[in-house]
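These numbers were taken from a predicted model, which means no experiment stands behind them. Throughout, residue positions are numbered sequentially from 1 according to the sequence presented.
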Amino acid sequence: MYHYSECGLSNVHLVNGFTVEVIDGEEYTSIDDMNGLHRTIAQAIVDCNRPLTHEEFKFLRIELNVSQKMLGTRFGVDEQTIARYEKGQTKIPRTTDVALRTLYMESQEKNNPVSYFLDLLADTEAKAAAQDIKLKLEEVGDHWEVAA
């Protein structure tokens, strides 16, 4: 397995879909269908029934291709507040969590209502203390999936 920390998430491991080459004594890793992989990671994050971590928040913002300033403007906070969410210095409010997930889903042209995310996060307080989850992904055919 390859620990894909380059995406900014500490819990992503690839089962396959990557190639490791040694060139002039240096090891290089290339990943197949990087865009598809990032869409699959983002979808797994969005569908998870626990609060977003600071890493996941930043990953989704970057996938949306918006700056901290622009996201702050959309959420009615300053860019430093967004930076504090991403650094884990400030707890991400539930409404901000849901709003970011909704923005991502909207960017993928999937029309899930906000109530879907509210239901998904209904037990956030109970699950907030849950242990870290290792996200394993594998390339199946011509696309990426969450590994069982």
Side-chain angles (χ1 to χ4, degrees), residues 1-21 27-75 77 79 81-148:
M1 273 201 300
Y2 177 68
H3 183 204
Y4 181 45
S5 58
E6 295 90 340
C7 68
L9 299 166
S10 58
N11 64 334
V12 175
H13 301 267
L14 306 181
V15 175
N16 60 9
F18 63 93
T19 306
V20 178
E21 295 181 72
E27 192 173 275
Y28 296 93
T29 303
S30 60
I31 297 174
D32 303 338
D33 187 19
M34 183 83 69
N35 291 333
L37 173 60
H38 278 232
R39 278 191 305 275
T40 303
I41 293 169
Q43 190 64 53
I45 291 169
V46 166
D47 289 341
C48 190
N49 64 350
R50 60 172 174 67
L52 292 175
T53 67
H54 65 280
E55 290 178 348
E56 293 167 339
F57 187 94
K58 183 175 183 177
F59 182 85
L60 289 177
R61 178 186 61 78
I62 291 169
E63 287 302 300
L64 286 167
N65 196 29
V66 296
S67 66
Q68 290 176 337
K69 183 174 183 162
M70 179 179 279
L71 192 61
T73 299
R74 283 185 173 175
F75 291 168
V77 298
E79 64 188 288
T81 300
I82 300 298
R84 284 191 295 275
Y85 295 157
E86 292 180 358
K87 292 176 187 171
Q89 296 173 342
T90 303
K91 186 177 186 313
I92 302 165
R94 184 174 180 199
T95 53
T96 302
D97 181 312
V98 171
L100 185 60
R101 292 174 197 242
T102 303
L103 284 174
Y104 180 79
M105 293 300 287
E106 181 181 274
S107 78
Q108 299 302 301
E109 301 183 67
K110 297 180 181 183
N111 297 319
N112 287 331
V114 174
S115 61
Y116 167 77
F117 297 110
L118 291 173
D119 292 342
L120 191 65
L121 296 172
D123 284 333
T124 55
E125 289 76 20
K127 293 182 169 105
Q131 70 276 27
D132 290 335
I133 297 167
K134 184 185 282 189
L135 182 59
K136 293 183 190 175
L137 299 132
E138 62 183 326
E139 189 176 33
V140 178
D142 65 347
H143 66 281
W144 286 91
E145 291 182 3
V146 175

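- His54 places no side-chain N or O within donor-acceptor distance of the main-chain N or O of Ala83, the cut-off being under 3.5 Å.
- Looking at Trp144, its side chain does come within 3.5 Å of a backbone N or O of Asp32 through a donor-acceptor pair.
- Between the CZ atom of Arg74 and the CG atom of Leu100 there is a distance of 10.0 Å, given to the nearest 0.5 Å.
- Between the side chain of Arg101 and the backbone N or O of Val46, at least one donor-acceptor pair lies under 3.5 Å.
- Of the possible polar contacts, one joining the Asn16 side chain to the Glu139 backbone as a donor-acceptor pair under 3.5 Å is found.
- Listed by chain and residue number, nothing satisfies the side-chain hydrogen bond (donor to acceptor under 3.5 Å, both in side chains) test with Tyr104 (two or more places apart in sequence, or in another chain).
- In this structure, His38 and Phe59 have tilted ring planes: the angle between them lies in the 30° to 60° band.
- Rounded to the nearest 0.5 Å, atoms CD (Glu86) and CG (Leu52) are 11.0 Å apart.
- Atom CD1 of Ile45 is separated from atom CG of Leu9 by 5.0 Å, given to the nearest 0.5 angstrom.
- The CD1 atom of Ile41 lies 11.5 Å from the CZ atom of Arg39; values are rounded to the nearest 0.5 Å.
- When atom types are taken as modelled, the side chain of Thr96 and the backbone of Ile92 share no donor-acceptor pair closer than 3.5 angstrom.
- A side-chain donor-acceptor contact under 3.5 Å links Glu55 to the backbone of Ser10.
- Annotation: Met70, atom CE; neighbour count of heavy atoms from other residues, nucleotides and ligands within 6.0 Å does not exceed 12.
- Summarising the geometry, atom OH belonging to Tyr85 is positioned 7.0 Å from atom OG1 belonging to Thr90; distances are rounded to the nearest 0.5 Å.
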